[in-house]
Amino acid sequence: MMTPALLSAALLLLLLPGAPAQDSNQTPISIHVINSVTNTPNMTYSTYVVFRGILLGAMRRLRDSGPGFTFKYIEDSNYGPFLTSVNGLAGCPTMRTYWELLVKKAGGRVFRPDVGIGCYIPMADEEIILNFNKY
Ligand code: B12
Ligand SMILES: *[C@@H]1O[C@H](CO)[C@@H](O)[C@H](O)[C@H]1NC(C)=O
């Protein structure tokens with residue numbers, strides 16, 4: 001025979017998968033700002049995306065949560081948001097500099113996504129690297 005406490009615990013377990021669990025909807029990621037052109041200190045920030053949320057959403061959340069991370073982007077008519085500036089430093093076509101998007105997987109492998117900040121969907125524990133670079 002189940003006690004009322006056990007019974008309600010069992011009921012809760014049954015209900016959990018459908019319940020809107022706040023924590024399971026948050027995928028933690030970190031955002032690293034690095035500079036391959038000039039000697040500038042690396043910056044690291046922690047934030048999260050919601051389930052299947054885009055990187056741009058996490059960047060907005062990080063900006064609005066106040067650790068000093070800022071960015072700007074322009075809307076490209078074909079490909080969507082193009083990241084133009086991070087923490088006050090802007091890419092410059094005449095100097096051939098831009099903000100490159102790199103991702104380091106939990107295993108350590110670094111890759112260069114074939115989409116921008118408006119399309120990339122980060123996975124749990126990925127390191128997003130915004131790398132000021134030359135082309
Ligand atoms: C040259 C180029 C660049 C140059 C553009 C600057 C320059 N002045 O040359 C640089 C090196 C900056 C660049 C960067 C990136 N690029 Co690029 N790029 C190209 C390329 C080879 C040619 C674009 C071009 O000149 N078109 C001709 C001109 C006349 O047309 P346009 O509309 O004016 O072109 C502009 C846009 O294409 C824009 N642009 C270029 N890349 C990207 C990427 C994104 C996400 C956006 C929104 C806009 C954009 O810059 C061009 C010049 O102003 C295309 C592939 C191709 N063959 O089309 C990829 C391409 C557009 N890039 C791509 C990607 C993924 C990126 C990056 C996200 C790569 C990364 N991981 O860092 C970054 C952008 C990061 C950011 N800051 O937001 C993808 C976009 C696919 C998608 N659906 O998102 C493409 C299609 C290549 C691919 N992998 O398949 N890119
Ligand atoms: C900054 O990050 C890059 C890439 O992750 C790394 O190679 C470099 O050693 C870092 N620099 C410092 C000062 O930590």
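Quick note: residue numbers are just sequence positions, from 1. For ligands, and for the atoms within them, numbers begin at 1 and follow the listed sequence.
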Any protein heavy atom lying closer than 4.0 Å to [atom]?
atom                   : result
atom 2 (O) of ligand 2 : yes
atom 9 (O) of ligand 2 : no
atom 5 (O) of ligand 2 : no

Any ion pair linking Glu126 and Lys105 (charged N to carboxylate O, less than 4.0 Å)?
yes
Distances under 3.5 Å, N/O of ligand 1 against N/O of the protein: list each pair and its distance.
residue, atom, partner, partner atom, Å
ligand 1, 8 (N), Tyr135, OH, 3.3
ligand 1, 71 (N), Leu101, O, 2.8
ligand 1, 71 (N), Pro113, O, 3.0
ligand 1, 72 (O), Leu101, N, 2.7
ligand 1, 77 (N), Leu83, O, 2.9
ligand 1, 77 (N), Trp99, O, 2.8
ligand 1, 78 (O), Leu83, N, 2.8

Closest protein heavy atom (residue, atom, distance) for atom 13 (C) of ligand 2:
Asn42 ND2, 4.5 Å
Check ligand 2 against Ile34 and write out every atom of the ligand that is under 4.0 Å from a heavy-atom position of the residue.
2 (O), 4 (C)
Derivation of the side chain to side chain contact (heavy atoms under 4.5 Å, CB included) call for Thr40 and Phe132
CA-CA 10 Å; Thr40 312; Phe132 193 69; over 6 Å; no
Contacts of Thr44 that satisfy side-chain contact (heavy atoms from CB on, under 4.5 Å) - sequence neighbours left out
His32
Which residues pass the ring-ring contact (aromatic ring centres under 6.0 Å, His included) test with Tyr98, not counting sequence neighbours?
Tyr135
Strictly by salt bridge (charged side-chain N to carboxylate O under 4.0 Å, His left out), give each pair with a member in residues 70-95 just once, sequence neighbours left out.
none
Given side chain to side chain contact (heavy atoms under 4.5 Å, CB included), test Tyr120 with Val103 step by step and report yes or no.
CA-CA 10 Å; Tyr120 188 69; Val103 176; 3.6 Å; yes
Nearest-0.5 Å distance that lies between atom CD1 in Ile128 and atom CD1 in Ile29:
5.0 Å
Do the rings of Phe71 and Tyr73 sit parallel, tilted or perpendicular, given the 30° and 60° boundaries?
parallel
